[in-house]
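Data first, discussion second: the structure below is written as structure tokens.
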Amino acid sequence: MSQSTTVTPFEVGAVSAALGAGIGYAAAPRKYSLEQLLTIESDVFVRSIPETKLLNAGENQRLAYAAITDARRSIIEASKSNSGEAKLVELLKSQELNGAYKSIKKFLPKARAQAAIVLAVVGGAIGTIAKMIHSQKTS
């Protein structure tokens with residue numbers, strides 16, 4: 001007599017999601033670095049520092065956020081003339097911008113948590129779809 005167990009697509013998805021979350025958490029940096037803040041997509045940047053936190057922030061933090069936002073704009077403008085990399089290097093050496101980053105760093109969400117969530121969702125979806133496809137092929 002042989003016993004067989006079946007694994008549902010939901011179970012495979014849940015395990016894949018847990019595995020993805022673990023990998024995302026382990027692989028991601030603790031917080032976004034200044035370079036990452038200056039080069040990430042605009043929508044990710046806006047979500048990385050919620051407005052509610054800025055409303056409760058002090059004047060120094062609001063000025064720091066404005067300095068980082070201006071630096072991002074200058075990189076975008078420099079990229080139009082193919083000098084974005086040089087502008088980024090110049091800005092990363094700036095003591096003023098490094099000071100701004102340090103004062104706003106506590107407002108940044110943990111990049112590890114975001115990476116874990118993203119990889120959990122992706123892993124769960126891929127695992128579930130793969131199991132469903134495999135189940136259809138074997139039946």
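Every value quoted in this text rests on a predicted model; they were computed, and no experiment measured them. Only this structure's heavy atoms are used, side chains among them; waters, hydrogens and symmetry mates stay out.
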Interatomic distance, [X] atom [atom1] to [Y] atom [atom2] [nearest 0.5 angstrom]:
X	Y	atom1	atom2	answer
Leu19	Leu119	CG	CG	10.0 Å
Glu35	Tyr101	CD	OH	11.0 Å
Ile104	Ile68	CD1	CD1	5.0 Å
Lys102	Leu34	NZ	CG	10.5 Å
Asn98	Lys105	CG	NZ	10.5 Å
Lys87	Asn82	NZ	CG	15.5 Å

Under the rule for side-chain contact (heavy atoms from CB on, under 4.5 Å), what residues qualify as partners of Gln95, not counting sequence neighbours? none

Sub-3.5 Å donor-acceptor pair from the side chain of [X] to the main-chain atoms of [Y], do we have one?
X	Y	value
Arg72	Ile40	yes
Ser94	Leu97	yes
Ser83	Ala86	no
Thr128	Ala125	no

Heavy-atom pair with the smallest gap, counting every atom of Gly123 and Ser16: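 Closest approach of Gly123 to Ser16, heavy atoms only: O-CB, 3.0 Å.
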
Closest heavy-atom contact between Ser79 and Gly84?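 Distance-wise, the nearest heavy atoms are OG-CA, 3.6 Å.
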
Checking Ser74 against Asp70 for the side chain to side chain contact (heavy atoms under 4.5 Å, CB included) test, could you report, in this order, the C-alpha distance in whole Å, the side-chain angles of both residues, the deciding distance, and whether it holds? CA-CA 6 Å; Ser74 67; Asp70 290 342; over 6 Å; no

Should we say atom CD of Glu85 is surrounded by more than 12 heavy atoms from elsewhere, each under 6.0 Å from it? no

List in chain and number order the residues that pass salt bridge (charged side-chain N to carboxylate O under 4.0 Å, His left out) with Glu59, two or more places apart in sequence or in another chain; answer none if no residue qualifies.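 Glu59: salt bridge (charged side-chain N to carboxylate O under 4.0 Å, His left out) contacts with Arg62.
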
Same cluster (ILVMFWY, side-chain, under 4.5 Å), Val12 and Ile126: no

